[in-house]
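For reference, the structure is listed below as structure tokens.
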Amino acid sequence: MKTNEISSAIKQLASDDGVAREKARNALVAAESREVTEALIAELVDYRHQVRWEAAKALSQIGDPVAALPLVHAMGDDDHDVAWVAAEGVAEMGEKGLQAVLSGLTHSSRSGSFYKVAHHALKEIRKHGKHRDVVAKVMETLEGVEPRLSAPIAAYEAIQELRGNGLPAA
């Protein structure tokens, strides 16, 4: 996909026509180049919720680990649908997604809704069966009384434990 085709497809993500948006998203996903990934990451902060949703969905489908941290940032989106799609995309990224979610959780100034979305991402990651014990410990803090206080600590400890298990640093 050429640069002008990428730009055109990105513009279509803002269309009022859902079919046009889906067609553009599918074309971007099929191209799955670094240029496409970078263009979609830039759209995660668009003022239009449907553009952010389409970008998060496309990045989730592409699965490029470069998008893991931007998707974690999108998990804090004011639009719950955007946040949820971003969480599911990060969950599909395996080790990189887990590292990104844990890194995002280390910031104690997150909103309450971010913690719920992070819990969903961790639940999906746990289904893949890797690092179940580590993920379970962090999920417990997200289910607790004050996740803003306990989740950052648990996430930091989980990162340290995973690094001790040979997982590369995020």
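From a predicted model like this one, the values you see are computed outputs, not experimental measurements. Numbering starts at 1 and runs along the sequence shown.
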(message) Just by distance, no angles: are the side chains of Glu88 and His120 close enough, under 3.5 Å, to form a donor-acceptor pair?
(response)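 On atom types as modelled, these side chains qualify, holding a pair under 3.5 Å.
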
(request) Report yes or no: do Ser60 and Glu92 form a side-chain donor-acceptor pair below 3.5 Å? (result)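 Looking only at side-chain atoms, Glu92 and Ser60 do not form any donor-acceptor pair under 3.5 Å.
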
Please report the closest heavy-atom contact between [X] and [Y], naming both atoms and the distance.
X	Y	answer
Ala56	Val82	CB-O, 4.4 Å
Leu102	Ala155	O-CB, 3.4 Å
Ala158	Val138	CB-CG2, 3.7 Å
Pro152	Tyr115	CG-OH, 4.3 Å
Ala68	Val90	O-CG2, 3.8 Å
Thr37	Ala67	CG2-CB, 4.4 Å

Can you tell me if [X] has over 12 outside heavy atoms packed within less than 6.0 Å of its [atom1]?
X	atom1	value
Asp133	CG	no
His73	NE2	no
Asp78	CG	no

Path from [X] to [Y] over hydrophobic side-chain contacts below 4.5 Å:
X	Y	result
Val66	Val29	yes
Val85	Ile41	no
Met93	Val117	yes

(request) List the steps and the verdict of side-chain contact (heavy atoms from CB on, under 4.5 Å) for Ser33 and Val36. (result) CA-CA 5 Å; Ser33 69; Val36 167; 3.4 Å; yes

Please check this pair: side chain of [X] against backbone of [Y], looking for a donor-acceptor N/O pair closer than 3.5 Å.
X	Y	value
Arg126	Arg132	no
Arg52	Tyr47	yes
Ser150	Glu146	yes
Ser103	Gln99	no

(request) List the steps, then state whether side-chain contact (heavy atoms from CB on, under 4.5 Å) holds for Met139 with Val135. (result) CA-CA 6 Å; Met139 286 178 68; Val135 171; 3.7 Å; yes

(request) State plainly whether the residues Lys2 and Glu5 are in salt-bridge range, i.e. N to O under 4.0 Å. (result) no

(message) Among Gln50, Arg25, Glu22, exactly one meets side-chain contact (heavy atoms from CB on, under 4.5 Å) together with Leu13. Which residue is that?
(response)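 Result: among Gln50, Arg25, Glu22, Arg25 is the only option passing the side-chain contact (heavy atoms from CB on, under 4.5 Å) with Leu13.
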
(request) Among Leu28, Val51, Asp64, find the one that has a side-chain contact (heavy atoms from CB on, under 4.5 Å) with Leu40. (result)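 Testing Leu40 for a side-chain contact (heavy atoms from CB on, under 4.5 Å) against Leu28, Val51, Asp64 leaves exactly one candidate, Leu28.
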
(request) Take Leu44 and Asp77, measure what side-chain contact (heavy atoms from CB on, under 4.5 Å) needs, and give me the verdict at the end. (result) CA-CA 9 Å; Leu44 288 173; Asp77 198 284; over 6 Å; no

From [X] atom [atom1] to [Y] atom [atom2], the distance as rounded to the nearest 0.5 Å:
X	Y	atom1	atom2	result
Thr141	Arg148	OG1	CZ	13.5 Å
His80	Lys116	NE2	NZ	9.0 Å
Glu38	Glu35	CD	CD	7.5 Å
His119	Glu124	NE2	CD	11.0 Å
Glu54	Asn26	CD	CG	9.0 Å
Lys11	Glu43	NZ	CD	10.5 Å

(message) I want to check something: taking the side chain as every heavy atom from C-beta on, are Leu122 and Leu105 in contact at a cut-off of under 4.5 Å?
(response) yes

(request) Answer yes or no: is there a side-chain heavy-atom contact under 4.5 Å between Ile153 and Thr106? (result) no

(message) Evaluate Phe114 against Leu142 for side-chain contact (heavy atoms from CB on, under 4.5 Å), listing each step before the verdict.
(response) CA-CA 10 Å; Phe114 176 83; Leu142 293 172; over 6 Å; no

(message) Assess the residue pair Glu95 and His131 against the criterion (side chain to side chain donor-acceptor pair (under 3.5 Å)); give the C-alpha distance rounded to whole Å, side-chain angles, the decisive distance to 0.1 Å, and a yes or no.
(response) CA-CA 9 Å; Glu95 303 287 340; His131 310 296; 3.0 Å; yes

(request) Measure from the ring center of His49 to the ring center of Trp53 and say whether it is less than 6.0 Å. (result) no

